[in-house]
Each structure stands twice: as C-alpha cells, then as structure tokens.
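Throughout, protein chains are lettered first and strands after them, A, B, ... in sequence-line order, and every chain is numbered starting at 1.
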Amino acid sequence: MLRLHDTHLRDKRPFTPLDPTNVRVYFCGPTVYDRAHLGNLRAMMCADILIRLLRTLYPRVTYVRNVTDVDDKINARAKENGEDISALTERTTQAFHEDLASLFILPPDIEPRATHHIDDMLEMIGRLVENGHAYVAEGHVLFAVRNFPSYGTLSGRSLDDMIAGARVEVAPYKRDPGDFVLWKPSEPDLPGWDSPYGRGRPGWHIECSAMSHRYLGESFDIHGGGDDLLFPHHENERAQSMCCYPHGKFATHWVHNGMLLSNGEKMSKSLGNFFTIREVLDRSPAEPLRLLYLGAHYRSTLDFSWEKLDEARRVLDRLYRALERGDAQAGAAVPAPVMDALCDDLNTPLAIAALHPLADAAMQSDQDAASGLLAAGKMLGLFNVTPAEWFQSGVDAGAIEKLIEERLAARKSRDFARADAIRAQLAADGITLEDGPGGTTWRKA
RNA sequence: GGUCCGGUGGCAGAAUGGUGAUGCAGCGGACUGCAAAUCCGCGUACGUGGGUUCGAUUCCCGCCCGGACCUCCA
C-alpha cells in the first residue's frame, strides 16, 4: 500500500487510483530554451522514482510530461542567438532527452508539445469565456479568480494575502489583481495563432490544463512538479480546469518536490548559480549523481556539492563490490524493507539505508542478499552496468594485466621495491590493485 | 511586508513520546611483505526559552536562524 504526501491536504494519505487498471500521472516538463540544469533534474528524478514504483504496484501507468515550446523566454533566447525558434526548441528538446536518458530516467508515455495543442487551449478558453470564468480585455483573455471560490486553497494562500503582498504592478485591464492571462496578443514577428480574440499566443498555465485534459481527462490521479510551481502555476491550472470542467476533479493528488540548492541558495537560471546536467556528467559517471538525489527525501531541499557526488561514488563502489562478491543474479524480488520505505511517501534515503545490510551479507557471499540488492538497486534506477563495467570500463585492461604479472614476478622474488613501484605507477594512472587469496585484481580508483 | 517549510553527531540523512537508524569521514584492531579491499570495535546529536506528560529530539507556544513562494522558474 502506497502512502503519498498530498500538497493540497498537507499530509500523507493512502494513494487510491481513480482507475486501478490505469494510473494517470502528469508532471510539468521543461521550457525548452536552454540545457537542463541540476535543479530541473530534481523534479524529473522525483517523477522517475514515483513512476518506477507505480509500475511495480499497478498493471498500467500513463505518464504524461509536457514540453513547453512557446514561451517568452524562448522568443528572447532565439532572438539573442539569432536562431530560428523552432530550431532552438528542437535542439533543446533533444538535448533534454539525451541528458535524462544518460541518467536512466524513464521517458514519459506521452510527451505533448504545447504548440501542437493550441486548439485544445482555445477550446478551453472559449468555454471559460462562455461560462463567465474568463473575460476579454484589450486583446487579452483573463481568468477571473474571484469567480472560483476555492482559488488559493491548493497553495494555501488567500487572495487578500496575495494582494497585500503583491510586489508587481497590476495591468490596468485586470478586473482583479489576481487575474491571470489565458491568451495574449502576439507581435507580428513572434509566434502567434489566429483566434476569436485576434492573433495571439497562450498564457503559460493554460498549456498544462489543456494537455492534461487531452491525455488524462477531466480527473486523473497525480499531478506533480517542483515546489516553485505550486503558486501560481498549479493553483491557476487547477482553477482553469475545474471551472472549465466542473464535474471533473482535475488532479486528486498533488506531489511537489523540494528545491535543489547550490551553496544554500536555490539553483536557478535567473540566479546563475547552476550546473547543467551535461557539465556534471562530463566530470562524473551518472549513477553517483542519481544516488546523490536519492539520498535526500524528495520533499526536502538538497544542497548540491561535488563532495557529495564523490561520497556517492564511494558508496556505489562498495555496493558494486557487494554485487560482485555475492554473484548477484537478476530477477529477484525487491526486498521488503526497500519496498516498504518507498511505499512510505517515496522515502528513498531509508530505502538506500536498507541496501547496506544486504550489501554486508552479499559481501559474505550470500547470493540471495546480493540478488535482492541488485533488484532493489534496479528499482531505484541504479546498477545499470555490471560490476566489471563499473570498475574497469574505459581503460586499457591489457596493459594493466601485463604490469600486474610483472609485479607478481617481483613479489615472488621478494623484490618489494619493484612491486611497489609498479603499484604506485598504476595508482598514478587511477588504478588500484587488490591482492587477495585468489590473486591480484584491479579497479579504477 | 504577506504565506509556507525546515533547524538531528565532523558531514550527509531517516525514524521515533520511553531500548540514541544508515552512510561518508575519523580513530583503534584483525588480515597483508606493505597496501587496497574486507571484517571487528569506538566516539560525538537532537537551534533556543517555556508548556503538556510519569517521561519529549519527537506534541503545543514564543524567540532566534536558514530556505522557498508571493515575478519567469523543477
């Protein structure tokens, strides 16, 4: 039984799908104007673990994650680069896919693009205008927040608080300061679509409402994304969708992940304190980065550092060694302590802690424990390579073997100075030797 | 200014109203020609002041500190 924290309820509760034969999940995807950074990755990783778990618990999961390919930042970046907008979005989307694939993040079942769903958005906007939840003003279509009584309940803020705390100038055509744009006029040189309100482009929030409705219906199970999307994006999505389809529930369960920090501050493009996924993968294999994310609960903040990445690598060294010693076999069941931890609101730190007793036993050649460890790791998206690949890929094995033989001869004749020199030489190249009863083995340090 | 979240040992990070996870680092030992790996053992914690309780790190209140959101953001 899966228990999941629900943002709307502000507490954990049992997860019960609307349709147990098809669990439906929507996560907000990237706006494709630049390479994804480590902060963006947090939500993708959170979704990945959730989807992996749901897939083992239910026969079918429909996972939708959108691509936002119409946006002011995209327009600005394209102009800056002197690049065609569609070339920019195409190139960035592809890079995004590559980055996530190299981290073993499962692709969504459906990945809709906003620009392919303008008709769906216009249909929703039309309905909202018709039923009085939206109004047209100076070429804009605006959502009237005052007409939706439960506006603000998702993010836990009242309209009056928001007005009191408003730091932004209110556009004169808004009836209420909290009203937000569904559709806005587009300049001739920017992307635009014909509509009953003139040539224009959609507001950000309506995109997700339209795409989730298209693929998941009026009611679906889980809507997720980063904490920073809770307000206004998710609050607005919910308002639009529920006013447009009053008989639907929209998302029954809201999941929000905490932010990734860099030196104690949110990692973001606007602050400029970010590392792209690519930059990190140029310096480290993928799995330590994955383990680093899994080492903190998804709802808490996580401060990235290279030291933590290095520690994660050392932990993986030990786990891979345990797999090797225990001769792990594929196909075992995920051990209960790991499964239980994940079913308790995706408690990945606890799940990882549960890996260590398995590794201890595997280290003593307990094959069942080793196989359980393998299954548990795979559940977490780890152990995508073999121990041999983990320890020995990417170096010239032949040359190393030759030096090991030379050293063995030196040791036999008790020429330890020579033997140690060879070992030191290999160490300088990042190769560690281990002398055991069965001979000498080597691995990347 | 408004709203919300959090403050656990050197670091990271769980659980929990009463037997102080787990990992990394450190220290001691076994093993080893010496190492490495492995094994055994050790240490140090619950921001602060009150309250509730037989008993609080765990519940409640104040304070301090940090972070997020209120504007594009995962």
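- Donor-acceptor pairing under 3.5 Å, judged by distance alone, is absent between the side chain of D317(A) and the base of C24(B).
- At the heavy-atom level, R299(A) lies nowhere under 4.0 Å from the strands shown.
- In this structure, of G13(B), A74(B), C34(B), it is G13(B) that holds the atom nearest to the side chain of P349(A).
- Using a 4.0 Å heavy-atom cutoff across all strands shown, Q364(A) reaches sugar-phosphate atoms only and no base atom.
- Atom CZ of F96(A) is separated from atom CG of L41(A) by 8.5 Å, given to the nearest 0.5 angstrom.
- Comparing the C1' positions of G9(B) and A15(B) gives an interatomic distance of 16 Å, to the nearest angstrom.
- L230(A) comes within 4.0 angstrom of nothing in the nucleic acid, heavy atoms only.
- Using a 4.0 Å heavy-atom criterion, one finds that G264(A) contacts the sugar-phosphate atoms exclusively.
- When rounded to the nearest whole Å, the span between CG of L261(A) and P of G6(B) equals 15 Å.
- Annotation: of the two residues near RNA chain B, K308(A) and D227(A), the 5′-most nearest-nucleotide partner is K308(A).
- The side chain of S300(A) contributes no N or O atom lying less than 4.0 Å from OP1 or OP2 of G67(B).
- Nucleotide G9(B) forms a pair with no other nucleotide shown, judged by Watson-Crick or G-U wobble geometry with both contacts under 3.5 Å.
- Salt bridge status for R201(A) with E187(A): present, with a side-chain N to carboxylate O gap under 4.0 Å.
- At the heavy-atom level, M267(A) lies under 4.0 Å from base atoms of the strands shown.
- Among C39(B), G2(B), A68(B), the nucleotide with an atom closest to any side-chain atom of R157(A) is G2(B).
- The listed nucleotides are U38(B), A15(B), C34(B); the one nearest the side chain of N347(A) is A15(B).
- Checked by distance alone, R318(A) brings no side-chain donor or acceptor within 3.5 Å of a matching partner on the base of G23(B).
- Between H223(A) and Y26(A), the two ring planes are tilted [angle within 30° to 60°].
- The aromatic rings of H205(A) and H233(A) lie tilted to each other, with the angle between the two planes from 30° to 60°.
- Residue contacts shown for G39(A) include a base, since a base heavy atom lies under 4.0 Å away.
- With C1' as the reference atom, U38(B) and A56(B) are 41 Å apart, rounded to whole Å.
- Base engagement by K266(A) is indicated by at least one non-hydrogen atom pair under 4.0 Å involving a base atom.
- Nucleotide U3(B) forms a pair with A68(B), judged by Watson-Crick or G-U wobble geometry with both contacts under 3.5 Å.
- Pair assignment for A14(B): none, as no Watson-Crick or G-U wobble contacts are both less than 3.5 Å.
- Ranking A37(B), C70(B), C24(B) by closeness to the R314(A) side chain, first place goes to C24(B).
- Comparing the P positions of U32(B) and A25(B) gives a spacing of 24 Å, expressed to the nearest Å.
- Note that CZ of R325(A) is 8.0 Å distant from OG of S365(A), once rounded to the nearest 0.5 Å.
- Separating the CG atom in N40(A) from the CZ atom in R35(A) is a distance of 12.0 Å, to the nearest 0.5 Å.
- When the C1' atom is used for both A21(B) and A74(B), the distance is 30 Å, rounded to whole Å.
- Comparing the C1' positions of U16(B) and U58(B) gives an interatomic distance of 6 Å, to the nearest angstrom.
- Base pairing analysis places G43(B) opposite nothing; no Watson-Crick or G-U wobble pair with both distances below 3.5 Å involves it.
- The side chain of A353(A) sits closest to A21(B) out of C69(B), C34(B), A21(B).
- Using a 4.0 Å cut-off between charged nitrogen and carboxylate oxygen, D48(A) and R290(A) count as a salt-bridge pair.
- Atoms NE2 (H297(A)) and C1' (A14(B)) sit 10 Å apart, rounded to a whole Å.
- In the set A68(B), U38(B), G23(B), G23(B) carries the atom at the smallest distance from any side-chain atom of H356(A).
- Residues E83(A) and R91(A) are paired through a salt bridge, judged by an N-O separation under 4.0 Å between the basic side chain and the carboxylate.
- Of the candidate nucleotides C34(B), A12(B), A74(B), A74(B) has the atom nearest to the side chain of L229(A).
- When the nucleotides C24(B), G33(B), A14(B) are ranked by their closest atom to the side chain of A419(A), G33(B) comes out on top.
- Among the nucleotides A74(B), C24(B), A37(B), the one closest to any side-chain atom of L260(A) is A74(B).
- What separates CG of D360(A) from C1' of G23(B) is a distance of 11 Å, to the nearest Å.
- When distances are taken from the side chain of C28(A) to each of G23(B), A74(B), A21(B), the shortest belongs to A74(B).
- Distances shorter than 4.0 Å separate some side-chain N or O of R321(A) from OP1 or OP2 on U38(B).
- In this entry C59(B) has G51(B) as its Watson-Crick or G-U wobble partner, both defining distances falling under 3.5 Å.
- Rounded to whole Å, the P atom of A36(B) lies 14 Å from the corresponding atom of A30(B).
- A straight line from CD of E434(A) to P of U32(B) spans 16 Å, rounded to a whole angstrom.
- In terms of position on RNA chain B, the residue among A43(A) and R10(A) whose nearest nucleotide sits closer to the 5' end is R10(A).
- Nucleotides G50(B) and G28(B) have their P atoms positioned 41 Å apart, rounded to a whole Å.
- Among the protein residues, R407(A) comes within range of the nucleic acid bases, having at least one heavy atom under 4.0 Å from a base atom.
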* For S155(A) and E235(A), what are the C-alpha separation, side-chain angles and deciding distance, and is it a side-chain hydrogen bond (donor to acceptor under 3.5 Å, both in side chains)? -> CA-CA 6 Å; S155(A) 58; E235(A) 190 72 60; 2.6 Å; yes

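- Note on M259(A): a base of the nucleic acid sits closer than 4.0 angstrom, heavy atoms only.
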